[in-house]
**Q** 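Structure below; questions to follow.
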2 protein chains.
Amino acid sequence: MAKRPNPGLQAIADRVGVSKMTVSRVLRGGGGFSAETEAKVREAADALGYVPNRLAAAFGRSGTSTLVGVCVPRLNSALFGSVLESLNATLARLGYDTMIGAHDHLPSEEEAWIRALAAWKPAAVVLTSREHSARTLSTLRDMSVPVLEMWDLRTAPIDLSVGFSHYDNGWEMARTIANAGRQRIGYIGGLAERQTMGAVRLNGFRKGLDEAGLSVFAEERLTDRPGFYSGYYATEMLLARAPKLDAIYYQDDEMAIGGQAYLTARGIRVPDDIGIAGWGGMEAASILPRRLTTTMVPTTRLGKVAAEALVSRLRDAPVQDVTVVQTRLVPGSTI
Amino acid sequence: MAKRPNPGLQAIADRVGVSKMTVSRVLRGGGGFSAETEAKVREAADALGYVPNRLAAAFGRSGTSTLVGVCVPRLNSALFGSVLESLNATLARLGYDTMIGAHDHLPSEEEAWIRALAAWKPAAVVLTSREHSARTLSTLRDMSVPVLEMWDLRTAPIDLSVGFSHYDNGWEMARTIANAGRQRIGYIGGLAERQTMGAVRLNGFRKGLDEAGLSVFAEERLTDRPGFYSGYYATEMLLARAPKLDAIYYQDDEMAIGGQAYLTARGIRVPDDIGIAGWGGMEAASILPRRLTTTMVPTTRLGKVAAEALVSRLRDAPVQDVTVVQTRLVPGSTI
DNA sequence: GTGAAAGCGCTAACAA
DNA sequence: TTGTTAGCGCTTTCAC
């Protein structure tokens, strides 16, 4: 078959005997052509192995781009991985392509990424960070495309927001732990020097304890990343300083699982001697001897809802500016 | 400040009093301009807040694109997440942008993704699948850009290959388990109906056992995905059928950790009553009571090496077609 | 229902 | 060292 490597609209037009404008209309499915023409064009496109050139389309007149930029803290995170998986799958199903970035909880990284992204004139942007730099905001303004802030809920989003309140998550867990009669309560978290949502949950947690007449008795905030092993040794360090703790709230389930492993190794019983609670509802917790007290985060739904909201906005369909995706505190039996 | 939202080369050229061609040359840093001109152009670009239009650049003449397409099995995988994190970070540092896709071990998904990608005329493509469909291969040919196959090592890659031999990983673990004197050896894996690398490791494993005069005594190959909990219940199911097993090789560490949890819950001692081995070298294993016998996969290095190899190829620098990234069998103490 | 013409911002090729 | 010209493939606008 003597086909050129990259047949364009013109190639199809020539074959069918119409103008490339007609071919363009058919292929985008707007209307304004006869059924007969459509059939012939589609057949020719198939036969020629036509691949649309999105570069040209997006370049010519912006607004026709199907490119969405998504920036998450890290690409190797259990929770964000799920969100991204679902977000990307949904966007792909709806005809959009995803360009990614990672900011590692550093506003400066997000800023650098978004400037690189802007060069591609994307149709929309999805962000997950706690704070944006002034320059990030100004670049976003200049881009003038839909922006979706995900993960933490914004009451006054740049444009759209899908998520839940991390503050409330922390508050709610504080009440649960306090109601269980725990008195000397510790906190363990990681990445203390970055702008993480864990810190927001801690604020809510403090507030919740405060309302119950309690406070965080001791805390271990590592500069290391949250993870299984950091949960393990942070528990060791915290208990060395504050042996009489009767509960620990962890930044996430991985840390809590690591903590559980330490406690088990030391013969400290959960929840008899000490209660533990995590956050995230991660799969790893499914194998603990007792069901972990934690907050389930519906990562898959979050990604899907975010993608759908964004696409609705792109198609000028009605959308809520702020969409809450409910988390659920699972009582478990470790508190 | 009365600046247009999107100043182009012409805006800079006007401000400096040169032609936009000169501006283009300066900004791409090739050479062919005076130091004085360069300074003025850079200053003007800064002042105007110039954002290059990569769409236009890539569109005009392909070959100037900085877009790299990367397709992994899933975006929410501990191992691939790390690879992607490192790959993306390295590409970003070298000035490339990443468009992602997920194929979920389905050649048809990879095919659909690559056709969508082709529309963006990327500079290069990174693949991680075990098999490509005929149409995927033909699309790749038409794209005529560098292709890097990652994860599993290809002896005859389409273009470049970076990775290690999953087959050898399985073989090596078989020898280790056999040498430890284990006789009745089981295997547990997931996603049995998909084209995963786990199946390749199993083939190597069988071969290794065979060479030691052994074979897989019993196996549990789930249709479910590998994970902590599937490892837990697969172990239960397998031992119900074959109670006398004295070792189990798991598709990955998460399954092995789940298995360990089941064994602990049943009072079955590791490695006294039964030995276990995993694969991947995942962080979660760090909290097990004994160091897990497993194969460490250097995910971060893999991503970095892959990105660098690809960029070398893009810059017409010399590169090896096939680069081995060594895995390491960690004996541990669970076998 | 269909076509012709203009132009998006950039870069390769060639000219000065 | 710098400038001019042409054109990438598509979509919008306007005409028929």
Side-chain angles (χ1 to χ4, degrees), chain A residues 4-42 44-45 48-67 118-123 142-144, chain B residues 4-42 44-45 48-67 118-123 142-144:
Chain A
R4 298 263 316 294
N6 286 317
L9 291 182
Q10 190 60 61
I12 299 173
D14 290 349
R15 193 179 225 260
V16 176
V18 293
S19 78
K20 62 182 183 177
M21 203 44 240
T22 299
V23 177
S24 171
R25 282 192 267 253
V26 169
L27 262 22
R28 270 175 305 137
F33 44 79
S34 70
E36 189 192 3
T37 307
E38 167 165 19
K40 281 193 289 185
V41 166
R42 291 204 182 284
L48 257 30
Y50 173 70
V51 176
N53 187 338
R54 299 219 178 284
L55 238 30
F59 168 56
R61 207 141 269 273
S62 61
T64 59
S65 177
T66 57
L67 178 63
W120 289 100
K121 313 286 171 194
D142 288 351
M143 292 168 77
S144 53
Chain B
R4 298 263 317 293
N6 285 316
L9 291 182
Q10 190 59 63
I12 300 173
D14 289 349
R15 192 179 225 259
V16 176
V18 295
S19 77
K20 61 181 184 177
M21 200 49 232
T22 301
V23 177
S24 171
R25 282 191 268 253
V26 169
L27 262 21
R28 271 175 304 138
F33 44 80
S34 71
E36 189 192 4
T37 306
E38 168 165 19
K40 283 193 288 185
V41 166
R42 290 202 183 283
L48 258 29
Y50 173 70
V51 176
N53 187 337
R54 298 217 180 284
L55 236 32
F59 169 56
R61 208 137 270 276
S62 60
T64 59
S65 177
T66 57
L67 178 64
W120 288 100
K121 312 285 169 194
D142 288 350
M143 292 168 75
S144 53

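Residue numbers start from 1 in every chain, and the chains themselves are labelled A, B, ... in the order their sequence lines are given, proteins ahead of strands. This is a predicted model, so every value here is computed, not measured.
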**Q** Counting only side-chain N and O atoms of Arg61(B), is one of them less than 4.0 Å from OP1 or OP2 of dG9(C)?
**A**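 Answer is no, no contact under 4.0 Å.
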**Q** Please list residues of residues 53-60 of chain A whose heavy atoms come under 4.0 Å from any atom in DNA chain C, ordered by number; otherwise none.
**A**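 Heavy-atom contacts with DNA chain C come from Phe59(A), Gly60(A).
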**Q** Without decimals, in angstroms, what is the distance between Leu27(A) CG and dT12(D) P?
**A**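 These atoms are roughly 14 Å apart.
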**Q** Determine: side-chain N/O of Ser24(B) to OP1/OP2 of dT11(C), distance under 4.0 Å, yes or no.
**A**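 Yes, because at least one side-chain N or O of Ser24(B) sits under 4.0 Å from OP1 or OP2 of dT11(C).
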**Q** In whole angstroms, how far is the C1' atom of dT2(D) from the CD atom of Glu36(B)?
**A** 13 Å
**Q** So, does Tyr50(B) get its side chain near the phosphate of dC10(C), meaning an N or O under 4.0 Å from OP1 or OP2?
**A** yes
**Q** Give me the atom names and distance for the closest heavy-atom approach of Ala13(A) to Ser19(A).
**A** CB-C, 3.6 Å
**Q** At under 4.0 Å, does any side-chain N or O of Ser34(B) touch on OP1 or OP2 of dT2(D)?
**A**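 Ser34(B) to dT2(D) OP1/OP2: side-chain N or O found under 4.0 Å.
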**Q** I need the CD-C1' distance between Glu38(B) and dT1(D), as an integer number of Å.
**A** 13 Å
**Q** Just wondering, do Leu27(B) and Ile12(B) contact through their side chains at under 4.5 Å, heavy atoms?
**A** yes
**Q** Would you classify Gly8(B) as touching base, sugar-phosphate or nothing, given that sugar-phosphate means primed atoms plus P, OP1 and OP2, and contacts are heavy atoms under 4.0 Å?
**A** sugar-phosphate
**Q** For residues Ser24(A) and Leu9(A), report the shortest heavy-atom separation together with the two atoms involved.
**A** CB-CD1, 3.7 Å
**Q** Can you name the nearest heavy-atom pair linking Lys121(B) to Asn6(A), along with the distance?
**A** NZ-OD1, 3.5 Å
**Q** Taking all atoms of both residues into account, what is the closest heavy-atom pair of Ala44(B) and Val16(B), and its distance?
**A**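 Heavy atoms of Ala44(B) and Val16(B) come nearest at CB-CG2, 3.6 Å.
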**Q** Can you give me the closest heavy-atom contact between Arg25(B) and Gly31(B), atom names plus distance?
**A** CD-O, 4.2 Å
**Q** Tell me, which of residues 10-22 of chain B have any heavy atom that sits under 4.0 Å from an atom in DNA chain D?
**A**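 Result for residues 10-22 of chain B: Val18(B), Ser19(B), Met21(B), Thr22(B), sorted by number.
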**Q** Write down the distance between CG (Leu9(B)) and P (dG3(D)), rounded to a whole number of angstrom.
**A** 13 Å
**Q** Specify the separation, in whole Å, of atom CZ of Arg25(B) and atom C1' of dT2(D).
**A** 6 Å
**Q** Return the value, rounded to whole Å, for the distance between atom CH2 of Trp120(B) and atom P of dC8(D).
**A**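 So the two atoms are 20 Å apart, to the nearest Å.
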**Q** Whole angstrom is fine here: how far is it from CG in Asn6(A) over to C1' in dG9(D)?
**A** 11 Å
**Q** So does Thr37(A) get a side-chain nitrogen or oxygen closer than 4.0 Å to the phosphate oxygens (OP1/OP2) of dT2(C)?
**A**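 The answer is yes; a side-chain N or O of Thr37(A) sits under 4.0 Å from OP1 or OP2.
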**Q** Name the atoms and distances for all side-chain donor-acceptor pairs under 3.5 Å in residues 49-56 of chain A, with sequence neighbours left out.
**A**
from	atom 1	to	atom 2	distance (Å)
Asn53(A)	OD1	Leu55(A)	N	3.0
Asn53(A)	OD1	Ala56(A)	N	3.1

**Q** Which is it for Phe33(B) and Val23(B) under the side-chain contact (heavy atoms from CB on, under 4.5 Å) test, yes or no, and what are the steps along the way?
**A** CA-CA 9 Å; Phe33(B) 44 80; Val23(B) 177; over 6 Å; no
